[in-house]
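Structure record follows, encoded as structure tokens.
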Amino acid sequence: MRNALVAISLLIVFASLVYIAVNPGDFGGQTGEHLVFGEPKHTDMDDYFIHHGQNQSAANNIVTSIVFDYRGYDTLGEASVLFAAVLGAGLVLRALRRDKK
Amino acid sequence: MLFNIPFIAVIIIISIGIYAMLYKRNLIKIVIALDLIESGVNLFLVSLGYRNGGIAPIYSNAPSTKMVLPTPQALTLTSIVIGVATTAMLLSFCMVIYRHYGTLDARKIRRLRE
Amino acid sequence: MKMSKIVRTQANFLYPFILIFGFYIIAHGHLTPGGGFQGGAVIATGIALIAVAYKYNDIKKWLKKTRLTATEGIGLLAFIITAICGFGTSFFYNWLANSGLLFGDRVPYGINPGYLNTGGVLPIMNLAVGIEVLGGLGVIIVYMLSYVKEVK
């Protein structure tokens, strides 16, 4: 019974997501906005990065100049998350050695 | 629309991940399901920023200047590294749980429930 | 568990090439696809190759956990210090770009073959993040390997 309920809810979620992806209706709450693969709608920020990134951060790779220059705070948080995860894994695994002795 | 096939692939991948998370009892399989969901989200981000006929946003010897959106790619890079960190953390938890209980079955790990 | 002699010889042969490829990806991060994270992950696969091919107790001497953790800390510290150096304008300001100093050449607009001496602080940050990721993933690999119970 419980398994059947879980399966039915999973099917409902799957069907509604497929409906959103396939249906050419309103997307994001705005009328006339279709979710179409290959045609992004609001690209002002990315066009600015593509056109001005070479002059402003002097690199050919626009993705690198976004990661390290325009959105450096994201990268700082990401590096901190990696550091904290390594620290946590080390602490957790150190408990193993304490048990073994 | 037929051209939204990448989004449908995203939905299938995420659905497989949710199914495995709900039905599987092995902790390693649950971690694999989490990675599947994360891969689906990464594919969704990258395919949101795709532009028809665009190339990677790198100017070194580029064949044209029509480029895909760079911001979703940068955020996907961030997401991938955070996913690696969380996977390492979860796998070390799995190692500790196996050493303590001798099993990875989520139904048999019931010290917290008693 | 020590692998056979064939595997160990091939690991010895491949290890420097993996290292060179990883540092190439890090150093050309502002010109070609790649960057600090990817290059650091490639170098960490080299560490994993050596750690799998040999027994852990044999390589414990030169693959110390404290050294890898220190590498990771140094990378994160170099990243933050490079960001703080731009405090004249703002945090994370690209204070070396177009300045004529190290990595400070002006890049021509449009499609170009790519010059290594450009990019401002981006190559420095790539190197810092690459060192950090190499240390982090390496120490995760070594930690997980060192607590695996030996099967007799």
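Reminder, nothing fancy here: chain letters follow the sequence lines and each chain counts from 1. Side chains are part of it too, since the values below use all heavy atoms of this structure and drop only hydrogens, waters and symmetry mates.
- In this view, B:D105 and B:R107 satisfy the salt bridge (Lys or Arg N to Asp or Glu O under 4.0 Å) rule, not counting sequence neighbours.
- Using a 4.5 Å heavy-atom threshold, the side chains of A:I50 and B:Y59 count as touching.
- If you measure heavy-atom distances from A:F14 to chain B, the contacts under 4.5 Å come from both the backbone and the side chain.
- Results of the side-chain contact (heavy atoms from CB on, under 4.5 Å) test with B:P70 over A:T64, A:V67, A:I62 single out A:I62 as the only residue that passes.
- Looking only at side-chain heavy atoms (C-beta outward), A:V13 and B:S15 stay at 4.5 Å or farther from each other.
- For a residue to count as touching a neighbouring chain, one of its non-hydrogen atoms must lie under 4.5 Å from one of that chain's; by this rule B:V10 does not touch chain A.
- Heavy atoms of B:L77 lying under 4.5 Å from chain A belong to its backbone as well as its side chain.
- Residues A:F37 and B:I5 are not in side-chain contact: their nearest non-hydrogen atoms beyond the backbone lie 4.5 Å or more apart.
- Heavy-atom neighbours of chain A within the stretch residues 26-41 of chain B, taken at a separation under 4.5 angstrom, are nonexistent.
- Interface with chain B: from residues 84-91 of chain A, residues A:A85, A:G88, A:A89 qualify, criterion being any non-hydrogen pair under 4.5 Å.
- Contacts between A:A7 and chain B at a heavy-atom distance below 4.5 Å involve backbone atoms as well as side-chain atoms.
- Using a 4.5 Å cut-off between heavy atoms, B:Y23 contacts chain A through its side chain alone, with no backbone atom that close.
- Looking only at distances, a side-chain donor or acceptor of A:D46 sits under 3.5 Å from a matching main-chain atom of B:T71.
- What you find for B:L69 and A:P40 is that their closest heavy atoms are CD1-CB, 3.8 Å.
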Under 3.5 Å, sequence neighbours excluded: what are the donor-acceptor pairs made by side chains of residues 50-58 of chain B?
unit_1: B:R51; atom_1: NH1; unit_2: B:M67; atom_2: O; d: 2.8
unit_1: B:R51; atom_1: NH2; unit_2: A:D47; atom_2: OD1; d: 3.1

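- Between chain A and the residues B:V84, B:I14, B:V81, the most heavy-atom pairs under 4.5 angstrom are made by B:V81.
- Only the side chain of A:L10 comes within less than 4.5 Å of a heavy atom of chain B; its backbone N, CA, C and O stay farther away.
- Taking OG1 of B:T65 as the reference point, atom NE2 of A:H51 lies at 7.0 Å (rounded to 0.5 Å).
- Looking at B:L75, only its side chain comes within 4.5 Å of chain A, counting heavy atoms on both sides.
- Across B:T78, B:I82, B:L22, B:V96, the residue that shares the most heavy-atom pairs under 4.5 angstrom with chain A is B:T78.
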